[in-house]
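We count residues from 1, following the sequence as given. Indexing begins at 1, ligand by ligand and atom by atom, following the structure's order.
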Amino acid sequence: MLGYRTAGESHGPTLIAVVDGFPAGVPIDVASINAELARRQGGYGRGGRQRIESDTVEIQSGIWHGETIGSPIALVVTNRDAKLESLNDLPCPRPGHGDLSGAIRFLGSIRGVLERASARETAARVAAGALAAQLLGHFGITAFGYVVELGGEVIRPKIDPDLEFDRNAWAALRDQSIIYSLNPDQDEAIQRRIDRTAKAGDTLGGIVEARVDGLPIGLGTHAQWDQKLDGRIAQAVMAVQAIKGVEIGLGFEAARRLGSQVHDPIHYNRALQNRPSLGYERPTNHAGGLEAGMTNGQPLVVRAAKKPISTLRHPLASINLNTKEPEQASYERSDICAVPAASVIVENVIAFEIARAFVERYAGDSLAEMKARYALSLEMARAR
Ligand code: EPS
């Protein structure tokens with residue numbers, strides 16, 4: 001089974017992801033993992049830390065002559081701002097962070113909790129996701145994330161999302177935007193909003209969306225709750241730091257509509273039977289590509305709500321954990337807005353979950369065997 005764990009503190013020496021169960025025979029391009037790590041560091045609204053770091057991955061196991069060999073793959077990102085031993089504890093827990101709950105639970109310091117709770121850990125998750133995306137590339141599957149709302153400002157995308165997905169065109173547009181949205185024309189207004197917020201000592205959240213294109217029908221299963229792909233995706237996305245809500249397709253809006261306005265009619269177009277969707281077309285995609293925990297051949301569409309960063313320069317009320325006296329929450333250098341970074345993280349954690357389902361469904365020991373099983377499965381499904 002494909003999976004990964006991460007290790008590492010925000011100001012410790014390294015962040016590590018160990019990816020287990022990755023198929024053999026996949027050529028790995030380190031530069032494209034690094035490109036995702038660089039994107040994660042960017043976006044308007046980041047704090048001083050990103051001027052210190054320039055995240056790159058070192059692959060320390062599981063690769064031989066540039067290809068995976070079926071062994072665990074250790075991905076290591078070195079922290080330049082590694083200073084954990086010289087850092088003091090914080091006395092006053094920050095509302096919204098794990099400070100209070102963690103210090104009480106582990107009977108220890110706030111520092112010991114915040115170092116691991118920090119979103120810096122997502123560098124390891126992005127490295128693992130970007131590795132998984134390379135496997136998906138062999139099957140024509142792409143995950144793509146972008147910002148749809150920031151600080152309450154809704155982005156009006158310059159590309160019609162119902163038109164056929166063209167990764168290059170979408171990426172070219174997203175790369176022009178300082179907040180990774182699909183409308184760089186709105187950047188200026190959003191930049192002003194972020195600057196105003198920074199000046200006020202406050203922070204901003206937002207909503208990101210990720211879509212996955214090129215999916216076959218029937219990834220995931222209806223048969224067991226912990227193997228339903230919608231559940232796995234929701235867990236992976238919800239477990240990203242500061243995410244407070246996840247929607248698939250229409251999401252909460254589906255609850256407000258009649259059934260006839262929610263479910264996507266099924267059409268068949270024989271001319272498209274060689275696509276992964278086998279010619280089963282849906283004029284709408286309210287389901288966001290998932291029905292009963294299985295992909296239905298339509299693009300997967302997931303949205304995630306990110307709360308504003310909880311470290312505030314103008315802090316909220318808190319207490320001193322040692323004296324129990326009221327005091328303002330502690331402050332440490334942080335970001336004003338990391339919503340663009342969240343779009344990169346969400347894209348990559350979803351890519352990993354899709355790869356996991358793929359490896360389960362198509363005999364994941366080697367890329368060659370997966371390709372053969374995938375082709376056979378499409379052929380048999382067409383005959384069905
Ligand atoms: C982050 C690095 C951190 C923070 C941020 C994410 O660096 P530092 O704490 O040294 O400034 O900028 O952490 C948080 C958002 C958080 O909640 O802790 C990164 O690389 O993503």
Participant: Name the closest protein heavy atom to atom 14 (C) of ligand 1, giving the residue it belongs to and the distance to 0.1 Å.
Facilitator: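 Protein heavy atom at minimum distance: A119 N, 3.8 Å.
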Participant: Quick check on Q41 - does any of its heavy atoms sit under 4.0 Å from an atom of ligand 1?
Facilitator: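 For ligand 1, residue contact (heavy atoms, under 4.0 Å) with Q41 is absent.
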Participant: Heavy-atom contact check, 4.0 Å cutoff: does H11 meet ligand 1?
Facilitator: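 In this structure, H11 qualifies as a contact of ligand 1 - some heavy atom is under 4.0 Å.
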Participant: Should the ring pair F358 and F139 be called parallel, tilted or perpendicular, given that the plane angle runs from 0 to 90° and is split at 30 and 60?
Facilitator: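 Ring orientation, 0 to 90° scale: tilted.
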Participant: Give me the ring orientation class for Y374 and Y362: parallel if the planes are under 30° apart, tilted from 30 to 60°, perpendicular past 60°.
Facilitator: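 The arrangement is perpendicular - the two ring planes meet at more than 60°.
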Participant: With rounding to the nearest 0.5 angstrom, report the CD to NZ distance, Q241 to K307.
Facilitator: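 That separation rounds to 10.0 Å.
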Participant: How close does the nearest protein non-hydrogen atom get to atom 13 (O) of ligand 1, and which residue and atom is it?
Facilitator: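 The protein heavy atom lying closest is S118 OG, 3.4 Å.
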Participant: State plainly whether the residues R174 and E347 are in salt-bridge range, i.e. N to O under 4.0 Å.
Facilitator: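 Yes, R174 and E347 are salt-bridged.
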Participant: Would you call R40 a ligand 1 contact, heavy-atom distance under 4.0 Å?
Facilitator: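 Under 4.0 Å: yes for R40.
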Participant: Do E209 and R303 sit within salt-bridge range, that is, some charged N less than 4.0 Å from a carboxylate O?
Facilitator: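 Yes.
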Participant: Out of H97, R120, E121, K83, who gets a non-hydrogen atom closest to atom 17 (O) of ligand 1?
Facilitator: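 Nearest heavy atom to atom 17 (O) of ligand 1 lies in H97.
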Participant: Quick test of your reading of the structure: of Q50, R116, R333, whose heavy atom lies closest to atom 8 (P) of ligand 1?
Facilitator: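 Ranked by closest heavy atom to atom 8 (P) of ligand 1, first place is R333.
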Participant: Charged N to carboxylate O below 4.0 Å: is that the case for R120 and D81?
Facilitator: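 So R120 does not pair with D81 through a salt bridge.
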Participant: For ligand 1, is any non-hydrogen atom under 4.0 Å from I309's backbone (N, CA, C, O), its side chain (CB onward), both, or neither?
Facilitator: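 The side chain, only.
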Participant: Tell me whether R275 is salt-bridged to E281, with the criterion being a basic N under 4.0 Å from an acidic carboxylate O.
Facilitator: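 No, this pair does not count.
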Participant: What residue and atom, counting heavy atoms only, is the protein's closest point to atom 5 (C) of ligand 1, and at what distance?
Facilitator: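 I find the closest protein heavy atom is D335 OD2, 3.5 Å.
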